*Asks:* 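Below: one structure in structure tokens.
The sequence lines fix the lettering, A, B, ..., with proteins before strands; numbering per chain opens at 1. Remember, predicted model here, so these are calculated numbers, not experimental data.
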There are 2 protein chains.
Amino acid sequence: MKHKATKGRQANPPCMATSLHVVEIDKLKTACSSCSLHELCLPAGLTPDEIKSVDQLVNRRRQVKRGEHLYRSGTPLQALYAIRTGFMKSCVLHEDGREQVAGFHMMGELMGMDAIGTNQHLCDAVALEDSDVCEIPLDDLESMSRQIPSLQQHFHRVMSREIARDYGVMLLLGSMRAEERLAAFLLNLSQRFAARGYSSTEFHLRMTREEIGSYLGLKLETVSRALSHFHAQEVIAVQNKHLRILKIDSLRELVGQHNCRA
Amino acid sequence: MKHKATKGRQANPPCMATSLHVVEIDKLKTACSSCSLHELCLPAGLTPDEIKSVDQLVNRRRQVKRGEHLYRSGTPLQALYAIRTGFMKSCVLHEDGREQVAGFHMMGELMGMDAIGTNQHLCDAVALEDSDVCEIPLDDLESMSRQIPSLQQHFHRVMSREIARDYGVMLLLGSMRAEERLAAFLLNLSQRFAARGYSSTEFHLRMTREEIGSYLGLKLETVSRALSHFHAQEVIAVQNKHLRILKIDSLRELVGQHNCRA
DNA sequence: AAGGCAATTTGACGCAGATCAAAACGGGCG
DNA sequence: CGCCCGTTTTGATCTGCGTCAAATTGCCTT
């Protein structure tokens, strides 16, 4: 529980990847410097030298197959995880076994921060497609951020942004109507895909309608109906999980105006 | 924007307190060491020596009268604030001017963490009763937490707990019925008052029904009706803002069972 | 290619909670 | 003390979304 000044852990087993060449495994270890995500991820804004130091933090990568858990609620916090590729959800669990999706996470995002306070994970993290995450032991991150102020600062920003995101979700759940929620959700996805260099108007929904509904505080039927309605209005084009935004401004207008639920 | 190794700011104007003796002003400056909240607040778990160092962080105290703002949405982040006495709310603002209560805050709690990511406050912070807060400049907190690992660790825990709290609110807003939400809310208040040495069963609601409703994603009439219903069942006794919990277990049962909204 | 299961869509209906309205209450101020 | 205004309560009605149900589609397995 006390701070350990562990600095790098070269002795760890290389990784759990299954069928990779040695060369690739080696590349895996020198993560951040060569990672295309370092402008989005934890090392954002660091100098190349600093990023080299951060490489030592990410000593292990882990593959999580579609449907598998990265961690489970109640489990002790082992590390934080940065998503390198793939798509995940986190679910908060009710005492009575029911669950609610608390967020969807894509590459460059950090998961597990909710567990720092109690050292126990509060949610399940489940891969919605085959994913690849970097394991970042918290102790190491803390000791390194004592040495690299800009890393420390960036880590704080990342945590803070998670809080800000949560406030946005609270707003959505507390005061938006079904179609507004869905519009806000689609705009959010769009923007995040765009930030990663993907199309902001055409993408694949990796989650089911039920998962979208759980996240938005709606039933799957309502999600389906709202999508159909948007489709009928030609605001979007949906076919199963493939989605294209046709009139992004219409979505924006929808989110802006709160007809109901003052 | 870069880290400044500022360490203490003894030169600041003492404080904005209005009618205090010099002795008291002086006492105000040596905040944490003599503060009865240090087990709840930021210095929790530090050694007496470490707390002395932390005293330098809290170089200013600020009084916020009932109804006044501590900070406003959009304003640049000046500092984090630890509540010493009083009671506050934070409100997220819609673009269209509508607002939603994102949280209620009581003594020992830290406010402003949502602003670290963008350096801009995301919510308004308003005092619901005359309050007294400690100003903690973020730069100073960061530089000191580089020197005192247990401070760093505790700060991370505090931020993480805010994230965990938000997840709880998301759960509440996304999947509980009106009376469950209210029960969860009352239990939460009860527990937080208890942690501060106040009665867990009898307290004063400092916020209006409308503010409760805003926080819980309900209309004030619904809040009022739910309170009346609990009262009729003799689960609680409410008179205006005075509230007594008579059957705390009934409230707990209510939160446990999710009749609706799977 | 066929079969089966999960996901999705669509319709009909009901209800929790929003909305509208009005009365009662309480607290601060002249 | 009494007035005024914001807060709260309570009732009546309306509606968005949940619930139930059934048909359709797509995907994965054999």
*Asks:* Detail all sub-3.5 Å separations between protein N/O atoms and N/O atoms belonging to nucleotides 27-30 of chain D.
*Replies:*
none

*Asks:* With a sphere of 6.0 Å drawn around CZ of R244(A), does it hold more than 12 non-hydrogen atoms of other residues, nucleotides or ligands?
*Replies:*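 Count not over threshold, so no.
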*Asks:* If we check side-chain contact (heavy atoms from CB on, under 4.5 Å) with V64(A), which of these qualifies: L70(A), L128(A), I83(A)?
*Replies:* L70(A)
*Asks:* Can you measure L216(A) atom CG to dG16(D) atom C1' for me and round it to whole angstrom units?
*Replies:*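 Spelled out: CG on L216(A) to C1' on dG16(D) is 16 Å.
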*Asks:* Rounded to the nearest Å, what distance is computed from the NE2 atom of residue H231(A) to the C1' atom of nucleotide dT25(D)?
*Replies:* 15 Å
*Asks:* If you look at every heavy atom in Q233(A) and K247(A), which pair is closest and at what distance?
*Replies:* O-NZ, 3.4 Å
*Asks:* Picking from dG16(D), dG17(C), dA18(C), which would you name as closest to the side chain of R177(B)?
*Replies:* dG17(C)
*Asks:* Taking all non-hydrogen atoms of both residues, which atom of Q78(A) and which atom of H121(A) are closest, and how far apart?
*Replies:*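 Answer, listing the atom of Q78(A) first, then H121(A): N-NE2, 4.3 Å.
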*Asks:* Without decimals, in angstroms, what is the distance between H242(B) NE2 and dT9(D) P?
*Replies:*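 For the pair H242(B) NE2 and dT9(D) P, the rounded distance is 14 Å.
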*Asks:* Is E210(A) atom CD crowded by more than 12 heavy atoms from other residues, nucleotides or ligands, each under 6.0 Å away?
*Replies:* no
*Asks:* Could you walk me through whether E202(B) and H242(B) pass the side-chain hydrogen bond (donor to acceptor under 3.5 Å, both in side chains) test, one step at a time?
*Replies:* CA-CA 8 Å; E202(B) 191 165 4; H242(B) 182 82; 3.0 Å; yes
*Asks:* Between T222(B) and dG17(C), is there a side-chain N or O to OP1/OP2 distance below 4.0 Å?
*Replies:* no
*Asks:* Which heavy atom of M107(B) sits nearest a heavy atom of R84(B), and at what distance?
*Replies:*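 Minimum heavy-atom contact is CB-O, 3.2 Å.
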*Asks:* Between A164(B) and D114(A), which heavy-atom pair has the shortest distance, and what is it?
*Replies:*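 That would be CB-O, 4.2 Å.
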*Asks:* What are the two closest non-hydrogen atoms of S200(B) and S190(B), and how far apart are they?
*Replies:*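 For S200(B) versus S190(B), the nearest heavy atoms are O-OG, 2.6 Å.
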*Asks:* Let's see if you get this right: which residues in residues 202-212 of chain B place a heavy atom under 4.0 Å from DNA chain D?
*Replies:* T208(B), R209(B)
*Asks:* In whole Å, I'd like the distance from the CG atom of L220(A) to the P atom of dT9(C).
*Replies:*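 Distance check: L220(A) CG to dT9(C) P gives 9 Å.
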*Asks:* Does S224(B) place a side-chain N or O at less than 4.0 Å from the phosphate oxygens OP1/OP2 of dT7(D)?
*Replies:*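 For S224(B), the contact criterion (side-chain N or O under 4.0 Å from OP1 or OP2 of dT7(D)) is not met.
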*Asks:* Choosing from dT10(D), dG17(C), dT8(C), which nucleotide comes nearest the side chain of A178(B)?
*Replies:*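 When the side chain of A178(B) is considered, dG17(C) is the closest of dT10(D), dG17(C), dT8(C).
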*Asks:* Do F203(B) and Y198(B) make the cut of ring centroids closer than 6.0 angstrom?
*Replies:* no
*Asks:* Return the value, rounded to whole Å, for the distance between atom NE2 of H229(A) and atom C1' of dC17(D).
*Replies:*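 Rounding to the nearest Å, NE2 of H229(A) and C1' of dC17(D) are 15 Å apart.
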*Asks:* Specify the separation, in whole Å, of atom CD1 of I236(A) and atom C1' of dT9(C).
*Replies:*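 Computing the I236(A):CD1 to dT9(C):C1' distance gives 14 Å.
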*Asks:* Output yes when at least one side-chain N/O atom of K219(A) is less than 4.0 Å from OP1 or OP2 of dC20(D), else no.
*Replies:* no
*Asks:* Got a list of protein N/O to nucleotides 21-25 of chain C N/O distances below 3.5 Å?
*Replies:*
none

*Asks:* Give the rounded distance in Å between these two atoms: CD of E179(A) and P of dT15(D).
*Replies:* 17 Å
*Asks:* If you apply the rule salt bridge (Lys or Arg N to Asp or Glu O under 4.0 Å), what do you find for E179(A) with R225(A), and how did you get there?
*Replies:* CA-CA 9 Å; E179(A) 296 198 350; R225(A) 269 185 254 268; over 6 Å; no
*Asks:* In whole Å, what is the span from the CG atom of L218(A) to the P atom of dT8(C)?
*Replies:*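 So the CG-P distance, L218(A) to dT8(C), works out to 15 Å.
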*Asks:* R61(B) and E135(B): salt bridge (Lys or Arg N to Asp or Glu O under 4.0 Å), yes or no, with the steps?
*Replies:* CA-CA 6 Å; R61(B) 280 191 29 212; E135(B) 235 180 78; over 6 Å; no
